[in-house]
2 protein chains.
Amino acid sequence: MNLEQVARRAKVSTATVSRVLNNASVVKTSTRARVVKAIEELKYHPNLHARNLAGGKSRTIGMIVSNMENPFFFDIYKTVESDAHVAGFEVVMANTDYRSEQLVASIRLMIGRRVAGLAAVVSEMEPALIEELTDSGIPVVFYDVGTPRQNITNIRVDYRRGIDKIIDYLYSLGHRKLGFVGHHAMLGPINERVKPVLDAVARYPGLEVRTAADADTLDGGRLAARALLLSGEQPTAIVCVNDIMAVGALRELRERGIRVPQDVSVTGFDNVKLSEFCYPALTTVHIPRDTIGHLICDTLLAKSGKTAVADHEMVIDPEFVLRDSTGPAPGR
Amino acid sequence: MNLEQVARRAKVSTATVSRVLNNASVVKTSTRARVVKAIEELKYHPNLHARNLAGGKSRTIGMIVSNMENPFFFDIYKTVESDAHVAGFEVVMANTDYRSEQLVASIRLMIGRRVAGLAAVVSEMEPALIEELTDSGIPVVFYDVGTPRQNITNIRVDYRRGIDKIIDYLYSLGHRKLGFVGHHAMLGPINERVKPVLDAVARYPGLEVRTAADADTLDGGRLAARALLLSGEQPTAIVCVNDIMAVGALRELRERGIRVPQDVSVTGFDNVKLSEFCYPALTTVHIPRDTIGHLICDTLLAKSGKTAVADHEMVIDPEFVLRDSTGPAPGR
DNA sequence: AATGGCCATGTAAACGCTATCACCTGTCCT
DNA sequence: AGGACAGGTGATAGCGTTTACATGGCCATT
């Protein structure tokens with residue numbers, strides 16, 4: 001089951017078998033045929049660990065995401081994987097579920113695997129970990145977190161602009177009492193996701209917002225919406241941190257007999273496929289996951305190859321998408 | 001960045017460092033402390049490839065799924081991963097997207113990685129591949145495909161019973177013209193998924209069914225439903241191969257102004273979380289993904305350990321779940 | 001004081017590959 | 001005829017670990 005046995009059977013040296021395996025074209029056709037035959041007869045599968053060890057290089061890129069359950073992350077993963085395959089790379093994925101111990105474990109794992117590049121599409125990242133990654137020398141792309149460094153490239157979405165577009169629109173429809181549904185990963189005094197909402201709200205006279213947070217799932221969205229509805233005055237619009245939670249909110253409203261958008265408007269974020277399929281279809285903001293995926297791959301593969309790609313930081317401007325879940329504030 | 005450097009720095013041999021890394025308790029506390037210090041100072045991360053090579057064992061289990069986009073697969077993955085972590089194993093996932101070349105590549109990859117166990121949750125599997133896996137000696141669990149062998153365990157869902165329950169119910173509500181929405185992976189003369197539908201239909205006098213197939217996605221469901229609606233007489237009920245496609249179908253009906261369930265009933269399969277959150281909530285059949293995940297892990301981890309678990313084949317009986325997407329046939 | 005054991009550690013041989021270098025044939029030149 | 005050269009192949013030294021096996025203290029036993 002190893003090179004040597006194949007070599008013996010094909011009556012060549014292990015070096016030659018290795019050449020055949022790696023498509024080095026120097027092997028004579030007849031020899032190659034003998035080797036291939038031996039490989040098949042023995043059902044030989046090269047040991048990837050040995051290969052990586054000996055070769056020193058990895059042809060694998062790692063990707064760490066916060067919550068694969070949210071199609072947003074999967075969409076990115078999918079385009080990264082497909083780009084990577086084209087370039088002859090594999091990608092191994094790790095899901096942290098927003099747990100920071102899991103993040104640490106995943107990063108260590110990826111370093112241990114000596115991946116050729118690492119994409120971290122996660123919402124939180126401690127400085128110590130960033131340090132660890134910097135020192136590892138592995139090319140890294142962060143999405144939405146951290147700052148550019150030596151071997152670290154950043155891709156971020158102008159979340160603030162997206163929120164502004166949503167709030168502008170809702171304000172223009174007469175909404176004055178807003179609710180914001182976020183997820184737990186964004187708790188804390190001043191959060192990347194909540195702050196823009198608060199700031200946008202502050203720009204308009206008479207505009208108010210209350211926030212609630214829960215898990216980044218359908219159920220979480222539902223629960224957060226319920227919390228909003230149960231505490232204080234009913235908002236006329238609920239702004240959600242992403243589409244999944246918005247779909248959860250939609251259900252809570254429906255079951256309470258609150259009509260969307262007649263009684264309450266709801267907005268999502270990301271423009272995940274599901275946002276078109278839920279009822280009513282979500283007004284949301286489009287984040288181009290495919291672009292993000294391509295950017296990640298280009299960066300990682302270019303770095304592991306020759307020169308650095310464009311810049312160390314790129315920001316994406318999201319686009320407003322109007323659908324059926326929003327309408328004029330009631331009584332207007 | 002390797003064992004030797006750490007050893008040098010801690011003034012011990014590489015063997016001792018290795019012992020520290022592997023928690024062998026024979027190391028004197030003071031020595032251990034020195035080594036740990038050196039490891040941290042050097043930010044040393046053991047090379048997993050070298051480890052696997054030298055150790056011969058892998059502590060990684062592989063999982064291959066057809067379509068990670070469908071939450072059904074993700075749910076299984078998630079419980080497998082969590083069980084595996086508890087046992088100190090990693091899991092690497094591969095997504096085939098229903099492409100058989102990709103399946104072949106993924107299997108080869110897993111064998112190359114010398115995984116400690118492999119879960120194949122895919123819809124098609126050529127005999128040659130099964131052969132390859134058998135020979136590899138890796139413990140394998142198949143979901144819904146193949147037959148038990150030497151090192152192969154099977155888990156299957158009694159799909160037929162699930163379908164029977166759905167069709168019985170629809171028939172009792174007066175439905176006589178059915179539509180079936182399937183996905184491409186199940187094309188071909190007699191299919192595992194279509195056959196039970198045809199058989200069930202054949203049992204009832206006056207019951208008819210037309211089928212359509214498309215991709216296993218929200219869009220696919222929508223398109224397949226459209227095909228059903230556009231060709232021939234409008235069915236009074238649409239049975240879908242899974243929840244995702246059913247949600248797609250729901251949208252198509254909604255946009256055509258066809259009311260569910262007043263005009264047309266719709267059923268799903270799997271009882272994915274989304275089936276509660278779509279509108280109307282889907283009548284479906286529950287497949288316990290967590291049970292499947294546990295079964296997979298138990299089997300794989302037990303095998304790689306000591307004795308074999310229970311049997312070589314286990315079948316799961318799905319449960320009918322009544323919600324709002326089904327009702328009496330129109331005019332009855 | 002010599003013997004035996006047991007702990008803690010060191011030495012070195014795998015593990016299965018890749019990659020460098022050396023070697024051997026022939027060809028083709030001069 | 002004698003080299004230079006190139007294409008094809010073999011030998012072998014790593015790659016970074018783990019894991020026997022060997023070694024050396026040190027204490028308890030006789």
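Bear in mind the structure is a predicted one, so any value in this text is a computation, not a measurement.
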Nearest to the side chain of [X] - [options]?
| X | options | answer |
| --- | --- | --- |
| B:Leu53 | C:dA19, C:dC15, C:dC17 | C:dC15 |
| A:Asn22 | C:dT11, C:dC17, C:dT18 | C:dT18 |
| A:Ala50 | C:dG10, C:dG16, C:dT18 | C:dG16 |

Legend entry - Touch class at under 4.0 angstrom, heavy-atom based, for A:Thr16 against every strand present: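 Here A:Thr16 touches the backbone only, sparing every base.
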Inset, instruction - Please step through side-chain contact (heavy atoms from CB on, under 4.5 Å) for the pair A:Met63 and A:Val92, ending with a clear verdict. - result: CA-CA 6 Å; A:Met63 176 161 180; A:Val92 308; over 6 Å; no
Write down the distance between [atom1] ([X]) and [atom2] ([N]), rounded to a whole number of angstrom.
| X | N | atom1 | atom2 | result |
| --- | --- | --- | --- | --- |
| B:Arg32 | C:dT9 | CZ | C1' | 13 Å |
| A:Glu4 | C:dC17 | CD | C1' | 11 Å |
| A:Leu21 | C:dA19 | CG | P | 12 Å |
| B:Lys11 | C:dG10 | NZ | C1' | 16 Å |
| B:Asn52 | C:dC17 | CG | P | 14 Å |
| B:Arg8 | C:dT9 | CZ | C1' | 18 Å |
| A:Gln5 | C:dC15 | CD | P | 11 Å |

Inset, instruction - Walking along DNA chain D from 5' to 3', note the first and the last nucleotide with an atom under 4.0 Å from a heavy atom of chain B, and give both. - result: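 Nucleotide range in contact with chain B: D:dG16 to D:dT19.
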Legend entry - Whether A:Thr60 side chain and A:Ser58 backbone form a donor-acceptor pair below 3.5 Å: yes
Legend entry - Side-chain donor/acceptor of A:Arg59 to backbone N/O of A:Lys57, under 3.5 Å: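 Side chain of A:Arg59 to backbone of A:Lys57: no pair is present.
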Legend entry - Contact summary for B:Glu313 and B:Arg156, nearest pair of heavy atoms: OE2-NH1, 2.8 Å
Inset, instruction - Give a yes/no answer on whether the side chain of A:Lys28 brings an N or O atom under 4.0 Å of OP1 or OP2 in C:dG26. - result: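 For C:dG26, neither OP1 nor OP2 has a side-chain N or O of A:Lys28 closer than 4.0 Å.
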Legend entry - Under-4.0 Å side-chain N/O to phosphate OP1/OP2 contact, A:Asn2 with C:dG16: yes
Legend entry - Nearest-0.5 Å distance that lies between atom CD1 in B:Ile107 and atom CD in B:Gln102: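 The distance works out to 10.5 Å.
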Legend entry - salt_bridge(B:Arg193, B:Asp144) N-O dist < 4.0 Å: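 Looking at B:Asp144 together with B:Arg193, the answer is yes, because their closest N to O distance falls below 4.0 Å.
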Legend entry - B:Glu132/A:Lys43 ion pair, N-O < 4.0 Å: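 Not counted as a salt bridge, because no side-chain N and carboxylate O are separated by less than 4.0 Å.
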Inset, instruction - Give a yes or no on this: more than 12 heavy atoms of other residues, nucleotides or ligands lie within 6.0 Å of atom CD of B:Gln5. - result: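 Enclosed: over 12 neighbouring heavy atoms sit under 6.0 Å from CD of B:Gln5.
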Legend entry - CD/A:Glu41: more than 12 non-hydrogen atoms of other groups inside 6.0 Å: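 More than 12 within 6.0 Å, yes.
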Inset, instruction - Let me know, please, whether A:Arg19 or B:Arg34 comes out on the 5' side of the other along DNA chain C by nearest nucleotide. - result: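 In this pair, the answer is B:Arg34.
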Legend entry - 5' precedence on DNA chain C between B:Thr29 and B:Ala54 (nearest-nucleotide basis): B:Thr29
Legend entry - Axis deviation across the helix from C:dA1-D:dT30 to C:dT30-D:dA1, five-pair ends, to the nearest 10°: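 Result, rounded to 10 degrees: 50°.
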Inset, instruction - Side-chain contact test, heavy atoms from C-beta onward, threshold under 4.5 Å: evaluate it for A:Ile152 versus A:Ile130 and give yes or no. - result: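 They are in side-chain contact.
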